[in-house]
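Heads up: the structure comes next, in structure tokens.
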Amino acid sequence: MSEQNNNDLVASLMSALPQPVLLVDDSGIVTAANSAALDLFGARIQGAPLRAHLRQPEVTAMLEHALSGADGGQANFTATGVAVETIWQVTARRMAGRGLVISLRDVSDIEAASAQRRDFVANVSHELRSPLTVLAGFIETLQGPAGDDPTARAEFLGIMSDQAARMTGLVADLLSLSRVEAVAKIRPRAPVAVDAVLHATLAALRPRITAAGMEVVCDLPPDLPQVPGDHDQLVQVFSNLIENAVKYGSSGGRVEIDARVFADMHGFDGPVLQVNVRDFGEGIDPVYIPRLTERFYRVDKGRARDSGGTGLGLAIVKHIMSRHRGRLVIESSVGAGVRAGVILPVR
Ligand SMILES: Nc1ncnc2c1ncn2[C@@H]1O[C@H](COP(=O)(O)OP(=O)(O)OP(=O)(O)O)[C@@H](O)[C@H]1O
Ligand SMILES: [Mg+2]
């Protein structure tokens, strides 16, 4: 094949590739760039030294190493100053007699997912470590002279049992989160009677409601339609919401639950059922509301933890709602309690 044909072939190969690809000669000057590369670096990249455009120590070192005769290399380049920060994986490969082929791959999503995984593991470990530390401390105390004091023993065992319950709760939350995620893409379709779900949930929570000295008023219209859903998951949604209202809204003394059908609502195709759980406690500053559904997020870490919260409840609710093609709406202002609304498509 002639040199000209060869060049044409290389050029058409490069233009057929969706990701940015460049050729550089042995001195690091760009001799060719496909259109994705031109979009990324601008037309000025042609004939310019590539290192001037990928000015980050890791990438520069990799390029120098490759230019000095190595087979190739790989390094990440973080493009800042653009609308969304992008992480490019830059790969250099030697091409016989032609210098280097440089290709870039957008690995932002992969990097973000692994950062999320790291955070998640760190959070779980942290949440488990504090009750474990308490347990270990009291075990040690009970093994000492305090073990012979019946009053101290009873008190310590009470604390230990609370901490064990907290760990059990955390593990149960984590398991249900992963169960919901496992079936996240499958929309549940069994007909569910929401009024029955609410009454069953309230019955199960009754002891806690009584212990908190709260009154729950459940005002449901008689002709509530069934919704396609997953019965157990909807029980979980309402338990989490009512539990929060009882736990954090106890100063308001009462919780109100109401439900209503809307023939249409923005963002939905057909009729929807909205169920609101409302308390009259301290409420939440609206600036924190967007973060409530993040895993492990608590508005007031200390206080929520004292009441046994791990910050997973609303994350689970959000996942279940998205599986049901529904929505969770939280409204609040400081001192005015919280209204948590669940919107479910009726068909
Ligand atoms: N009704 C409410 N009133 C005031 N604050 C609330 C209310 N509901 C939730 N919050 C705040 O939102 C945070 C997140 O709630 P979420 O249900 O996700 O977690 P949690 O209750 O802390 O723990 P978990 O539900 O896993 O036991 C809570 O820690 C609390 O700070
Ligand atoms: Mg909760």
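Every number for a ligand or one of its atoms is a count from 1 in the order of the listing. The first residue of the sequence shown is numbered 1, and numbering continues consecutively from there.
- In this comparison of Ile316, Asp285, Asn244, the heavy atom closest to atom 9 (C) of ligand 1 sits on Asn244.
- Taking a 4.0 Å cut-off on heavy atoms, Gly281 fails to register as neighbouring ligand 1.
- Only the side chain of Lys247 comes within 4.0 Å of ligand 1, judged by heavy-atom distances.
- Not a single N or O atom of Tyr297, backbone or side chain, sits closer than 3.5 Å to an N or O atom of ligand 1.
- For the residue pair Arg105 and Gln89, a side-chain donor N or O sits within less than 3.5 Å of a side-chain acceptor on the partner.
- Considering backbone and side-chain N/O of Thr310, one or more are found under 3.5 Å from N/O of ligand 1.
- For Val299, a nitrogen or oxygen atom sits less than 3.5 Å from a nitrogen or oxygen atom of ligand 1, counting backbone and side chain alike.
- The ligand atoms of ligand 1 that sit less than 4.0 angstrom from a heavy atom of Asp279 are 1 (N), 2 (C).
- In this structure, the side chain of Asp279 does not engage the main chain of Val255 through any donor-acceptor pair within 3.5 Å.
- Not a single N, O or S atom of Asn240, from either the backbone or the side chain, sits less than 2.8 Å from the Mg ion (ligand 2).
- For the residue pair Gln236 / Asp232, no side-chain donor-acceptor distance below 3.5 Å is found, with atom types taken as modelled.
- At under 3.5 Å, not a single nitrogen or oxygen of Val338, backbone or side chain, sits near a nitrogen or oxygen of ligand 1.
- Interface atoms of ligand 1 facing Leu314, defined by a heavy-atom separation under 4.0 Å, are 15 (O), 16 (P), 17 (O), 18 (O).
- Below 3.5 Å of separation, one finds an N or O of Asp173 facing an N or O of ligand 1.
- Each of Arg323, Arg325, His231 was compared with Pro188 under the side chain to side chain contact (heavy atoms under 4.5 Å, CB included) criterion, and only Arg323 meets it.
- If you check the side chains of Thr80 and Glu85, you find no donor sitting under 3.5 Å from an acceptor.
- Taking only nitrogen or oxygen atoms, main chain and side chain alike, Gly283 does not reach within less than 3.5 Å of ligand 1.
- When atom types are taken as modelled, the side chain of His65 and the backbone of Ala61 share no donor-acceptor pair closer than 3.5 angstrom.
- Between Gly311 and ligand 1, a contact under 3.5 Å exists for at least one N or O pair.
- Between Gly249 and ligand 1, not a single N/O pair is under 3.5 Å apart.
- Val124 has its side chain out of reach of Glu127: every pair of non-hydrogen atoms, C-beta onward, lies at least 4.5 Å apart.
- A 4.5 Å side-chain heavy-atom check between Leu234 and Leu344 finds at least one atom pair inside the cut-off.
- Remark: side-chain polar atoms of His324 are paired, donor with acceptor, to backbone N or O of Asp230 under 3.5 angstrom.
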